[in-house]
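The structure appears right after this line, and notes come after that.
Chain naming here is simple, since letters A, B, ... match the order of the sequence lines and numbering starts at 1 in each.
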Amino acid sequence: MIRLICQTKLTCIIARTSFLQCGFSSKAVCLTQQSRNHFDSPALDFDSYEYAKILQDCIENGEPRRGMGLHCEILKRGGCLDLFANNILLNMYVKLELLSDAHSLFEDMPELNTISFVTLIQGLLESQRFVEGINLFVRLHREGRELNGFVFTTLLKLLVRMGCAQLGWNLHASIYKLGHDANAFVATALIDAYSICGHIDIARHVFDSIIFKDMVSWTGMITCYAENDCFEDALELFYQMRMVGFKPNNFTFASVLKACLGLEALNTGQSIHAFVIKSQYEEDQFVGLALLDLYTKSGDIVDACRVFEEMPKTDVVPWSFMIARYAQKDQCDEAIGLFLQMRQALVSPNQFTCASVLQACATIENLFLGKQIHSHIIKVCLDSNVFVSNALMDVYAKCGEIDNSMKLFVESPNINNVTWNTMIVGYVQLGDGEKALTLFSSMLRFQVPATEVTYSSALRACASISALELGLQIHSLIVKTIYDKDIAVANAMIDMYSKCGGIRDARLVFDKLFERDEVSWNAMISGYSMHGLGVEALKVFEMMQKTRCKPNKLTFVGVLSACSNAGLLEQGQAYFNSMTQDYSIEPCIEHYTCMVGLFGRLGHLDKAMKLIEEIPFEPSVMVWRALLGACVIHNDVELGRKAAEQVLEMEPQDDATHVLLSNLYANAKRWNNVAFVRKSMKKKGVKKEPGLSWIENQGMVHYFSVGDNSHSDMKLIRGMLEWLNIKTWKAGYVPNCDAVLLQVEDDEKERLLWLHSERLALAFGLIRTTSGSPIRIIKNLRICIDCHAAIKSISKIVKRDIVVRDINRFHNFHDGICSCGDCW
DNA sequence: ATAGGGTTAG
């Protein structure tokens, strides 16, 4: 250490020069101040170069305040810095992001050069003040300053950051003319601009013209290939780069790993991983994320977890990444667990973390955690983020609190088309097709761009309320968009047409499909099944087996229900066995339910009961309800009562079961039992869901309930019913008064039968539609047995096709016959 | 002597 026993000014200057050279600028300043006090001589002031050195030192040591203090002192002393020192000072302000200071210094500088301009442009670029940056370049150009490579690299970066990478093309000619294209820095910036525009070949041309390629330019070209899906080229170039002797860095590794992911080359990725470890980049965040991306997308969760464990986790990004991946892969418990771990590690979640963990909450319907996160979101003001608020709406919708979703939807400051979709999907899943369609039409009115999600959900809504006319309108909208070719939309369309009674149109859409996935096949099979067209359903299933699409659980639900709805016993049994033997699909409760229904409706109640006993797990209400339905058809009171007891033990409030049981007793004329069931319903507070039938006419839906007087056309409807009563009676139809479960006189029962909701809807349809056209009615419950008989007769009398969709399936009445074959 | 190039999650 040199101590301050300064005898002369000369020794002082020598000492501080040594300090400066060794990087101890603060000591040099200190020494100077002391000696200045001692000798009181201006000769001891720093010169411009020395000031520059000190400022540089301040920047490098991260001591901005000292640098600023020095600048103040220089100004106070009336000192003057030269261009070189001023440029360093300018750079200091830029690095400190003190743009206004940098700007005023720039304007005050007596002399400027290209370096001054480039430095300030760089500062403007970093603080997103792009237009000012461009203006400064224009000034530089106009003043005829030197256009060196630095100018072009900075300018190219500016354009890329502005999102105007394609303008880089305009600079290329000047760059070429001035010979800067051989410069690795300029060329790499050009490669990046071309990469963003997808001009891979030009980028490669630029790369090839670099005389001295460095590691960054190799990496830039590799990244260009990786970003533009030329994964093989990326790996090939990586290989060449190593041959030439360059060591990859973290950027290189990140891009090469992306290429491995693109090629689904897990093995290559693993060897790159080993290379990463050898090069000691395993703690780098970008490399780590690329590895996580590769492993999670390849389904290698063990290696993904290992990489994650090794990564430094002070930053929110790796946490968010893993939580998002878990949530996307429906591993919601893992996502939530990781979120809790992250909180324990005192890392605070950002908008991405919140959106992902909320997605997980929505999937597993964890409203409790969802609400906790909601309050956190409000606390940290993330609720204005559209991704976060969309995810929140989804949580409330999936957890059955759609009113809360609606509240958020109305109040959110930022919404987009995904927000609309979330709400529409929410209502569709809740079964409220009308609300979903109302939202859909508002969305169109507000000109919010619809997506495949919008269209498929709107079609699902139509399917749920059987709104064929609306469905047709939406179809014609879709034809005008690019979503015409979307498979999910087409599948929803197949479903819509079949659920709205247009099974032929469903088939038409199905036949026109360019490619079909499992969902398409399943939709077509269940469509035929609903219409009782079992043979057609099985034909489609046979077709499916000839394709690469593998039948899944749902396919067999469709196939077996088709057999059940069409009463195809042998085929049903064969497919049930084949499912386990040939496809290794374990039968689940839905499959058993179909089989019980199949045995049951054909009168093999013993076989149905035997199958139930063979179920290797606890049979659900669905199975027992199917058995009960069969017992009602075949008047097996004892077994029916047993089935009903099972259902009511699990779901004491189930109204449909009470009604079926009461029907069963009424068929057997056991009025005491009927009364008992009624009484117990009253005691338990069980209310029969009111029967409702509806019919669509000229875009309007008309609803009818039993004995409904409210419709404006009621006089005409009454007249029509009176006429039908006489006509059907003459045609041999005898009212089945057992279908009326009240203990009243038969005259009264007959009168009540003619007021059933499906008949009111039918009469309205006959009045308001052109003769000969088909009539479509939807009912929210099972069609009544007597209405079924009456409508068969009516279809012959009025020579009309009448389609009734009840809760289970379609009944297609034509010339006195129903497609269900009287078994449903 | 002072200015410049390439990546991240929903």
- Query: Are A:F185 and the base of B:dG4 stacked, counting only ring centres nearer than 5.5 Å and planes tilted under 30°?
  - Reply: yes

- Message: Quick check for you: among B:dA3, B:dA9, B:dG5, whose closest atom lies nearest to any side-chain atom of A:V216?
- Response: B:dG5

- Note on the structure: Regarding the side chain of A:F84, the nearest nucleotide among B:dA3, B:dT2, B:dA9 is B:dT2

- Item | Given B:dT2, B:dT8, B:dG6, the nucleotide with the shortest approach to the side chain of A:D192 | B:dG6

- Is any N or O donor-acceptor pair between the side chain of A:N148 and the base of B:dA3 shorter than 3.5 Å? yes

- Message: Taking the minimum atom-to-atom distance to the side chain of A:S320, which one of B:dA9, B:dT7, B:dT8 wins?
- Response: B:dA9

- Taking the side chain of A:A254 as heavy atoms from C-beta outward, which of B:dG4, B:dT8, B:dT7 is closest to it? B:dT7

- Taking atom types as they are modelled, is there a donor-acceptor pair under 3.5 Å from the base of B:dG6 to the side chain of A:N250? no

- Task: May I ask you to say whether A:R139 pairs ionically with A:E143, meaning some side-chain N is under 4.0 Å from a carboxylate O?
- Result: yes

- Item | Residue list, salt bridge (Lys or Arg N to Asp or Glu O under 4.0 Å) with A:E132, at least two apart or on another chain | A:R129

- Query: If you look at every strand shown and take non-hydrogen atoms under 4.0 Å, does A:A184 touch a base, only sugar-phosphate, or nothing?
  - Reply: base

- Message: Students often get this wrong, so: under 4.0 angstrom with heavy atoms, is A:N390 touching a base, only sugar-phosphate, or nothing?
- Response: nothing

- Message: Between the side chains of A:D201 and A:R204, is the shortest nitrogen-to-carboxylate-oxygen separation below 4.0 Å, so that they form an ion pair?
- Response: no

- What nucleotide among B:dG4, B:dA3, B:dT7 has an atom nearest to a side-chain atom of A:I115? B:dA3

- Item | Salt bridge A:D293-A:R325, side-chain N to carboxylate O under 4.0 Å | yes

- Message: At less than 4.0 Å, is any side-chain N or O atom of A:N91 found next to OP1 or OP2 of B:dA3? Yes or no.
- Response: yes

- Message: Is there, by distance only and without an angle test, a donor paired with an acceptor across the side chain of A:T188 and the base of B:dG5 below 3.5 Å?
- Response: yes

- Task: Quick one: label A:N113 by what it contacts on the DNA or RNA (base, sugar-phosphate, nothing), any heavy atom closer than 4.0 Å.
- Result: nothing

- Query: Which nucleotide in the set B:dG4, B:dT8, B:dG5 lies at the smallest distance from any side-chain heavy atom of A:A189?
  - Reply: B:dG5

- For A:Q351, answer base if it contacts any base atom (sugar-phosphate contacts may also be present), sugar-phosphate if it contacts only those atoms, and nothing otherwise; contact means non-hydrogen atoms under 4.0 Å. nothing

- Task: Check every strand shown and say whether A:N249 touches a base, only sugar-phosphate, or nothing at a heavy-atom separation below 4.0 Å.
- Result: base

- Message: Students often get this wrong, so: under 4.0 angstrom with heavy atoms, is A:K157 touching a base, only sugar-phosphate, or nothing?
- Response: sugar-phosphate

- Task: Give A:S217 one of three labels, base, sugar-phosphate or nothing, depending on what nucleic acid heavy atoms sit under 4.0 Å from its own.
- Result: base

- Please evaluate the base of B:dG6 for a donor-acceptor partner in the side chain of A:T219 within a cut-off of under 3.5 Å? yes

- Item | Polar side-chain contact A:D293-B:dA9 base: donor and acceptor under 3.5 Å | no

- Task: Select one nucleotide: of B:dT8, B:dG5, B:dG6, the one nearest the side-chain heavy atoms of A:T252.
- Result: B:dG6

- Would A:Y93 and A:H103 count as a close aromatic pair, with their ring centres under 6.0 Å? no

